[in-house]
Protein chains: 2
Amino acid sequence: MYSQTAPLAANSGRPADVPALPLNQVVLGDSVREMAALPPGSVDLVFADPPYNLQLGGELKRPDESRVDAVDDAWDQFESFQAYDAFTRAWLLAARRALKPNGTLFVIGSYHNIFRVGALMQDLGFWILNDIIWRKANPMPNFRGRRFTNAHETLIWAARSADAKYTFNYEALKAGNDDVQMRSDWLFPLCTGQERLKDAGGRKLHPTQKPEALIARILLSATKPGDVVLDPFFGSGTTGAVAKRLRRSFIGIEREEAYAEAARTRIDAIEPLSEEALVAPPSAREAPRVAFSALVERGLVTPGAELTDAKGRFRAVVRADGTISLSGGQNVGSIHRVGALAQGAEACNGWTFWHVEQEGRRHPIDVLRARLRAEMGIAAE
Amino acid sequence: MYSQTAPLAANSGRPADVPALPLNQVVLGDSVREMAALPPGSVDLVFADPPYNLQLGGELKRPDESRVDAVDDAWDQFESFQAYDAFTRAWLLAARRALKPNGTLFVIGSYHNIFRVGALMQDLGFWILNDIIWRKANPMPNFRGRRFTNAHETLIWAARSADAKYTFNYEALKAGNDDVQMRSDWLFPLCTGQERLKDAGGRKLHPTQKPEALIARILLSATKPGDVVLDPFFGSGTTGAVAKRLRRSFIGIEREEAYAEAARTRIDAIEPLSEEALVAPPSAREAPRVAFSALVERGLVTPGAELTDAKGRFRAVVRADGTISLSGGQNVGSIHRVGALAQGAEACNGWTFWHVEQEGRRHPIDVLRARLRAEMGIAAE
DNA sequence: CCGAGTTATGAATCCCACA
DNA sequence: ATGTGGGATTCATAACTCG
């Protein structure tokens with residue numbers, strides 16, 4: 001198919017009764033059955049993005065009355081937790097069989113399914129190395145204001161067994177991360193824009209296409225060039241596209257012909273990176289965003305403290321939850337809103353409007369924010 | 001102990017055979033037994049930081065450090081996990097019994113135990129609302145360089161059942177977060193420095209003392225002042241200290257006398273915040289209902305007045321009974337229904353959709369409602 | 001061509017008081 | 001318990017429109 005460092009080695013020297021690996025192919029079929037057809041102990045990494053079993057109720061609308069396009073596909077419907085567990089157990093066992101003794105497994109999921117998956121992994125003897133958080137830079141908001149914005153997904157990284165000598169490219173990751181260790185929380189945007197595959201009607205081809213950057217981080221962390229990556233829920237083929245670009249081999253299993261075909265076309269168009277390009281590029285850092293409540297929580301401002309504007313005309317009291325209340329009224333809200341209310345303005349930057357008196361001097365609360373940012377330093381991203 | 005909004009109410013009016021709540025006390029004893037001794041349906045929130053390295057009858061090893069022969073490996077793990085699951089199931093059931101029907105539960109854990117806890121919670125009927133990531137600003141590095149820096153812990157927030165009407169202080173959290181929704185990833189530093197309790201020898205008193213800021217975020221999110229918070233693994237008493245400061249009641253259960261005693265001393269020294277620093281900011285949801293007809297009756301809008309949408313595309317006339325009629329048709333109904341009809345939408349918030357022109361300016365009728373609410377508020381005093 | 005304004009959308013377990 | 005209807009609710013990003 002395309003030049004690889006070691007694809008042939010993976011198939012050479014096998015006995016006549018052991019099937020060949022379908023390297024760099026999209027296999028149409030059931031995950032468990034097709035994994036069972038692979039030679040045991042033959043893949044270096046499994047990346048699995050199984051159905052999440054979302055259990056959605058009715059339809060959900062945005063405040064502007066537009067309808068949220070829910071994941072209501074048949075493949076995400078399970079009768080019960082018991083049925084989901086049986087499904088999970090079956091594919092985990094098949095994946096474990098396909099893994100080399102020193103291979104590792106990544107699974108991604110949400111709170112709907114990840115706890116069940118993780119517990120079953122432990123039951124089956126997988127050895128968890130890390131849980132990893134994909135922090136979404138641009139998650140969908142919670143439209144009804146009834147929960148925290150669901151702004152992350154969870155990955156579990158596990159070795160086939162506790163004593164495995166697994167691959168972890170520690171030095172490369174650290175070098176690409178401004179020379180500090182790669183943490184267990186990763187920040188990436190959703191897969192949108194040009195990267196998102198569209199069908200003939202211009203609609204998204206697959207409801208849950210993952211960003212290539214996320215898969216790239218995984219392959220760069222836990223595989224070497226030429227390694228074999230198995231994805232039993234191939235979908236739109238992101239794993240294959242990234243594997244080809246990073247000069248890894250892949251095996252994709254996908255049940256739906258439409259997805260499999262789209263994935264083949266997608267992967268064919270990929271040009272593998274040059275050998276020397278396969279070093280992790282340094283990641284850029286962002287200015288940390290700090291909320292006023294963080295200042296209160298951290299004790300840089302104490303609840304009950306008084307805020308004033310620069311000239312001392314308006315006064316407000318800091319509350320424990322990070323809101324403030326305007327003196328002489330019952331107006332309570334954010335530093336920005338209350339600042340706007342005080343002035344009768346439509347908007348206000350509370351960070352520069354409000355001041356605190358500390359150590360005999362009055363200074364804007366923005367100074368405290370700067371101090372907190374400095375304290376948080378590297379970790380804030 | 002200290003002034004609370006409602007501690008007495010929680011114990012009043014109970015039948016003679018129902019035990020009193022040990023409010024604002026540290027109970028020395030076993031979590032499951034002491035929770036079973038509480039009256040059922042009596043607490044608003046449970047915060048649990050369960051151990052994951054229990055030595056149950058010598059059977060259970062630390063999940064992350066057990067080094068056993070490969071031969072016994074799987075069996076031993078199974079035994080260990082089974083014991084841990086039994087322990088988890090027992091305390092989750094006891095906590096569920098102690099919770100009010102609309103109460104919620106927070107559990108914190110790491111990849112060693114959180115998957116088992118989460119799966120069991122689902123099995124027992126808890127309804128997961130969010131999983132929340134505590135991102136550590138200053139995590140301990142991975143010294144061996146064999147894994148990602150373990151830079152977070154996971155919290156699970158769950159209601160007692162799927163149909164519960166749980167407390168979530170959405171508006172306050174948003175206002176304290178620069179007016180954007182609070183996300184599921186929270187950044188806090190570890191508990192260090194002055195906050196960290198020390199024993200007589202100057203060593204840390206408790207191995208897993210949580211930062212007060214983390215607990216404060218939880219209580220401010222999911223409880224009201226005066227609510228009862230139960231912590232079955234009280235340890236150094238962080239939950240009690242934060243509850244007292246935020247004027248919530250607490251019940252702490254701790255097995256080890258040394259921790260219980262240290263917690264009591266710690267909590268006694270806490271001074272509750274002022275009421276002003278804690279009163280909930282007004283939320284639109286909880287604002288007193290004002291009917292549009294009340295505006296007409298009070299003369300803030302006169303019958304016959306014309307309403308338009310923001311851009312003047314739709315017009316309606318106000319009727320004496322508080323209904324409106326769409327111009328150019330015979331549609332009559334509430335401001336909401338007619339607004340929906342005008343746009344061909346399923347629903348519409350008439351308060352923000354319809355505008356009136358008064359004193360030469362066009363503003364939403366919600367402004368008039370706010371004015372009436374203010375008048376009523378003054379009249380009520 | 002550029003900038004401002006508008007529209008579209010993403011793995012979502014998303015209301016609640018009252019009759 | 002079930003149905004009805006008032007009315008509360010969104011953030012980041014990309015694409016598109018228009019002047």
Side-chain angles (χ1 to χ4, degrees), chain A residues 49-73 75-78 81 108-114 134 136-154 189-196 198 202-204 206-211 233 235 289, chain B residues 102 122 126-131 157-159 162-166 168 170-171 174 177-184 283-293 311 322 333-340 345-354 365-366 369:
Chain A
D49 184 7
Y52 287 8
N53 189 21
L54 284 188
Q55 309 170 66
L56 301 179
E59 71 171 12
L60 178 65
K61 287 186 169 177
R62 298 186 180 80
D64 65 3
E65 286 288 303
S66 63
R67 198 179 65 85
V68 174
D69 186 15
V71 177
D72 52 5
D73 307 65
W75 49 257
D76 200 47
Q77 309 295 325
F78 293 84
F81 283 132
I108 186 167
S110 67
Y111 67 84
H112 308 86
N113 70 323
I114 199 67
W134 169 26
K136 300 181 181 182
N138 48 348
M140 197 189 313
N142 184 289
F143 296 117
R144 306 302 293 263
R146 296 298 299 146
R147 303 181 178 197
F148 298 101
T149 309
N150 198 353
H152 73 276
E153 292 189 27
T154 300
L190 301 174
C191 180
T192 59
Q194 296 298 322
E195 189 185 327
R196 189 89 196 213
K198 304 293 196 300
R203 291 172 298 260
K204 61 186 175 191
H206 193 282
T208 71
Q209 186 181 340
K210 296 292 177 289
F233 307 101
R289 211 181 134 277
Chain B
N102 291 329
Q122 292 179 312
F126 283 101
W127 191 247
I128 299 183
L129 300 169
N130 279 113
D131 58 338
W157 180 38
D163 57 354
K165 310 224 176 300
Y166 54 90
F168 181 51
Y170 173 77
E171 295 84 359
K174 181 176 172 178
N177 192 40
D178 275 17
D179 289 324
V180 292
Q181 295 184 338
M182 188 67 78
R183 296 169 40 120
S184 57
S283 81
R285 269 188 193 87
E286 292 164 9
R289 285 294 166 91
V290 172
F292 184 65
S293 60
K311 293 180 183 169
S334 72
I335 51 173
H336 313 296
R337 190 69 29 219
V338 173
E346 285 197 11
C348 166
N349 184 340
W351 291 110
T352 50
F353 179 74
W354 293 112
I365 56 178
D366 207 19
R369 180 171 65 160

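If you're wondering where the values come from, they're calculated on a predicted model, not measured in any experiment.
The distance from atom CG of A:L190 to atom C1' of D:dT13 is 9 Å, rounded to the nearest whole Å. With rounding to whole Å, A:N142 atom CG is found 12 Å from D:dC11 atom C1'. As rounded to whole Å, 14 Å separates atom C1' of C:dC14 from atom CZ of A:F148. The distance from atom CG of B:D178 to atom C1' of D:dA12 is 16 Å, rounded to the nearest whole Å. Look at CH2 on B:W351: it is 10 Å from C1' on D:dG6, rounded to the nearest Å. Between B:E346 atom CD and D:dA8 atom P the separation is 19 Å, expressed in whole Å.
Look at B:K165 and you won't find any side-chain N or O under 4.0 angstrom from OP1 or OP2 of C:dC15. Dashed line: the shortest gap from a side-chain N or O of A:Y111 to OP1 or OP2 of C:dT13 is under 4.0 Å. Proximity of A:R146 to the phosphate of C:dC16: a side-chain N or O atom is located under 4.0 Å from OP1 or OP2. Listed pair B:Y166 / C:dC16 fails the phosphate criterion, with no side-chain N or O lying under 4.0 Å from OP1 or OP2. Here A:Q194 reaches the OP1 or OP2 of D:dA15: one of its side-chain N or O atoms lies under 4.0 Å away. Contact annotation: A:N150 side-chain N/O to C:dT13 OP1/OP2 distance is under 4.0 Å. Proximity of B:R369 to the phosphate of D:dA8: a side-chain N or O atom is located under 4.0 Å from OP1 or OP2. At C:dC15, one or more side-chain N or O atoms of A:R144 fall inside 4.0 Å of OP1 or OP2 (strictly under the cut-off).
Side chain of A:L56, nearest nucleotide from C:dT13, C:dC14, D:dG7: C:dT13. Checking C:dT13, D:dG7, D:dA8 against the side-chain heavy atoms of B:H336 singles out D:dG7 as nearest. Comparing C:dA11, C:dA12, D:dT9 against the side chain of A:M140 picks out C:dA12 as the nearest. Nearest nucleotide to the A:P63 side chain, out of D:dT10, C:dA12, C:dA11: D:dT10. Picking from C:dA12, C:dC16, D:dC11 the nucleotide with the shortest atom distance to the side chain of B:K174 gives D:dC11. Comparing D:dG6, D:dG7, D:dC11 by their nearest atom to the side chain of B:R337 picks out D:dG6.
Across all strands, A:K210 comes closer than 4.0 Å to base atoms (heavy-atom distances). Counting non-hydrogen atoms under 4.0 angstrom, A:P139 reaches a base of the nucleic acid. The residue A:A70 sits close to a base: some heavy atom pair falls under 4.0 Å. Among the heavy atoms of the strands lying under 4.0 Å from B:S334 are primed sugar atoms or P, OP1, OP2 only; no base atom is included. Across all strands, A:P211 comes closer than 4.0 Å to no nucleic acid atom at all (heavy-atom distances). A:G202 comes within 4.0 angstrom of nothing in the nucleic acid, heavy atoms only. Across all strands, A:K204 comes closer than 4.0 Å only to sugar-phosphate atoms, never to a base (heavy-atom distances). Note on B:A162: nothing from the nucleic acid sits closer than 4.0 angstrom, heavy atoms only. A:C191 comes within contact range of no nucleotide atom at all, as no heavy-atom separation falls under 4.0 Å. Counting any heavy atom pair closer than 4.0 Å across all strands shown, B:L129 reaches no nucleic acid atom. Among the protein residues, A:E195 comes within range of no part of the nucleic acid, since none of its heavy atoms lies under 4.0 Å from any strand. Among the protein residues, A:D49 comes within range of the nucleic acid bases, having at least one heavy atom under 4.0 Å from a base atom. A:R62 comes within 4.0 angstrom of a nucleotide base, judged by non-hydrogen atoms across all strands. Residue A:D76 is classed as a base contact, given a heavy-atom separation below 4.0 Å to a base.
The nucleotide D:dT2 finds its pairing partner in C:dA19, both defining distances of the Watson-Crick or G-U wobble pair being shorter than 3.5 Å. Pairing partner, D:dG7: none, since no Watson-Crick or wobble contact has both distances short of 3.5 Å. Using Watson-Crick or G-U wobble geometry with both donor-acceptor distances under 3.5 Å, D:dG19 finds its partner in C:dC2.
Judged by closest nucleotide on DNA chain D, B:N349 is the one of B:N349 and A:A137 placed further toward the 5' end. For the pair A:T208 and A:F143, nearest-nucleotide mapping onto DNA chain C gives the more 5' position to A:T208.
For B:F292 and B:W354, the gap between ring centers reaches or exceeds 6.0 Å. Residues B:Y166 and B:W157 place their aromatic rings such that the two centres sit under 6.0 Å apart.
Rounding to the nearest 0.5 angstrom, the gap separating the OG atom in B:S283 from the NZ atom in B:K174 is 12.5 Å. With rounding to the nearest 0.5 angstrom, the CD atom of A:E195 is 12.0 Å from the NZ atom of A:K210. To the nearest 0.5 Å, atoms CD (A:Q55) and CZ (A:F78) are separated by 10.5 Å.
Annotation: D:dT9 and C:dA12 have their C1' atoms spaced 14 Å apart (nearest Å). Only the P atoms considered, C:dA17 is 13 Å distant from D:dA8, to the nearest whole Å.
Of the N and O atoms on the side chains of B:S334 and B:H336, not one donor lies less than 3.5 Å from an acceptor on the other residue.
Look at B:W127 and the base of C:dT13; the rings stack, centres closer than 5.5 Å and planes less than 30° apart.
A salt bridge links A:K204 and A:D69; the closest N-O separation between the charged side-chain nitrogens and carboxylate oxygens is under 4.0 Å.
For C:dT7, the base adopts the anti conformation, since its glycosidic angle falls more than 90 degrees from zero.
Between the side chain of A:R147 and the base of C:dT13, at least one donor-acceptor pair of N or O atoms lies under 3.5 Å.
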